[in-house]
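In listed order, ligands and their atoms are each counted from 1.
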Amino acid sequence: MKGSRMSGVVATEESQGMDTRAFKRSLNSSENYHRKGFGHEADVSDQMQSEYQSSLVQQIRANNFTIQRGAVTIRLAEAFGFCWGVERAVAMAYETRQHFPTERIWITNEIIHNPSVNQRLREMNVKFIGVIDGDKDFSGVDRGDVVILPAFGASVQEMQFLNERGCTIVDTTCPWVSKVWTTVEKHKKVDYTSIIHGKYNHEETVATSSFAGKYLIVLNMAEAEYVANYILNGGDRDEFMTKFDHAHSAGFDPDRDLDRVGIANQTTMLKGETEQLGKLFERTMMRKYGPDQLNQHFLSFNTICDATQERQDAMFELVEEKLDLMMVIGGYNSSNTTHLQEIAIERGIPSYHIDSADRIGPGNRIEHKPLKRDLEVAANWLPSGPVVVGITSGASTPDKIVEDVLEKIFALKATVTVAK
Ligand code: SF4
């Protein structure tokens, strides 16, 4: 950390040596720290209902997740949209505005990965901490300001800084994310290295790694297999360090720090992949140390969030149906939405990831984000004739946005059919 600027990428040596559990305990007992709402639930619930809910989506849910209008049949996934952790975080942010009507309110990052929800907070005069050269700039934050921590949490350094600066902290971190922090703290306590399945620069993983002791972040099975192979057979240390640049704790040494490992995850990764990765390391430690010694070298706790699991399971069911195309709706930086898109692509279904209805049109055009590529425009994406469209949305997407997309599709389809 430099003055009021903080790196958003890796935990520092400072936090590795820190007793994060003791810090959290002391924070919990502070009157300036809030992890629950402020008693305005009823008002906020009405407001959120009118801003984010959709009567059309409710109607489709009640109709076995299906609706047909003209030549369009919509099949909704049976679990999609706002998860309770996201709903809770947004409600807490709304309550914070009500409870502190005149105070300056900041948020350390997007509350959730949805542009319209973040825009709504801006309209409520909630300020977002800026980023300069990759570092967050806290210089505008003063004693007495209120600072909201988003659903995917904040690093322990940020919490410590805000606490020392005398801010009121409203912590909306999802309890599932806090559960992962507790897991890496357990690894730290017994001196295990946390292998975190996630993206090293995702805010949630940045926060999780700040609570860990030694850690290594692996993105996918290919990286996990590389590490497992290194554990069993050794390898080129320099190559290892280059490969995992930015993705390990300070001072990490693969020749020393991979003999006892525990598994943790970014809660929005593909559930099956996290499970596979855990099994891989379990097998690896079993092969290296034998079954009798496994418990001295491997730790695993279930930290896969129910909401992520349900949305992914529903998507696997939906892609079994005969769909002409899929629409995956959610923020472009939303990890769980991207994973839903991956499921459709793997099935070979034409799938369009969009973040709002404004991406559709003018005419039969759509601006969408293909996997691992920048935005592209596709023409004539909605075919003429009867069409079955599968729909899902990420955990940070309000139903209202899904409704807007559906209405756009119905309207466009009417013109496509007429033009035929
Ligand atoms: S996806 Fe899971 S971990 Fe993330 S906010 Fe929702 S409930 Fe919490």
Side-chain angles (χ1 to χ4, degrees), residues 35-37 44 48 52-53 77-96 107-118 121 148-155 170-185 194 196-199 201-212 217 263-275 278 301-316 328-343 353 355 392-399 401-402:
R35 289 204 68 192
K36 296 197 174 113
V44 160
M48 285 183 56
Y52 299 129
Q53 293 302 313
E78 294 199 5
F80 64 95
F82 266 11
C83 61
W84 70 270
V86 156
E87 208 160 339
R88 173 184 173 277
V90 178
M92 279 178 74
Y94 273 49
E95 278 201 56
T96 305
I107 184 156
T108 58
N109 218 313
E110 298 187 330
I111 182 88
I112 58 172
H113 287 139
N114 182 274
S116 63
V117 178
N118 291 307
L121 289 184
I148 300 171
L149 312 182
F152 37 71
S155 72
V170 180
D171 185 354
T172 79
T173 306
C174 176
W176 274 100
V177 175
S178 310
K179 189 176 166 190
V180 180
W181 296 353
T182 306
T183 298
V184 294
E185 284 173 325
S194 299
I196 305 171
H197 179 215
K199 300 173 181 165
N201 57 356
H202 186 282
E203 301 90 328
E204 184 188 316
T205 296
V206 171
T208 297
S209 58
S210 78
F211 287 91
I217 301 165
I263 306 298
N265 62 304
Q266 186 182 308
T267 53
T268 47
M269 298 304 275
L270 271 177
K271 170 194 103 175
E273 195 174 54
T274 298
E275 284 170 349
F301 305 96
N302 179 10
T303 52
I304 295 169
C305 136
D306 284 345
T308 302
Q309 188 169 326
E310 283 165 12
R311 277 151 191 69
Q312 290 174 4
D313 289 348
M315 184 65 179
F316 280 117
V328 177
I329 310 163
Y332 291 136
N333 51 356
S334 158
S335 196
N336 76 87
T337 310
T338 307
H339 287 312
L340 296 174
Q341 165 81 333
E342 276 172 19
I343 294 171
H353 177 183
D355 62 352
T392 190
S393 62
S396 14
T397 307
D399 284 357
I401 294 180
V402 176

**OP:** Of the side chain and backbone of C83, name the one, both, or neither that has a heavy atom under 4.0 Å from an atom of ligand 1.
**Re:** side chain

**OP:** May I ask you to identify the nearest protein heavy atom to atom 4 (Fe) of ligand 1, giving residue, atom name and distance to one decimal place in Å?
**Re:** T267 OG1, 3.8 Å

**OP:** Verify the distance test for C305 against atom 2 (Fe) of ligand 1: any N/O/S atom under 2.8 Å, yes or no.
**Re:** yes

Original post:
Strictly by modelled atom types, are T267 and E204 linked by a side-chain donor-acceptor pair under 3.5 Å?
Top reply: yes

Subject >> Nearest non-hydrogen partners of M269 and T308, listed with the distance >> reply: O-CG2, 3.8 Å

**OP:** May I ask whether T308 places a heavy atom under 4.0 Å from ligand 1?
**Re:** yes

**OP:** Would you sort out whether Y52 and E87 count as a side-chain contact (heavy atoms from CB on, under 4.5 Å), showing the intermediate values?
**Re:** CA-CA 10 Å; Y52 299 129; E87 208 160 339; over 6 Å; no

**OP:** For L149 and A154, work out which heavy atoms get closest and say how close.
**Re:** CD2-CB, 4.0 Å

**OP:** List the closest protein heavy-atom neighbour of atom 8 (Fe) of ligand 1: residue, atom name, distance to the nearest 0.1 Å.
**Re:** C174 SG, 2.2 Å

**OP:** Among N265, T274, T303, find the one that has a side chain to side chain donor-acceptor pair (under 3.5 Å) with H197.
**Re:** T274

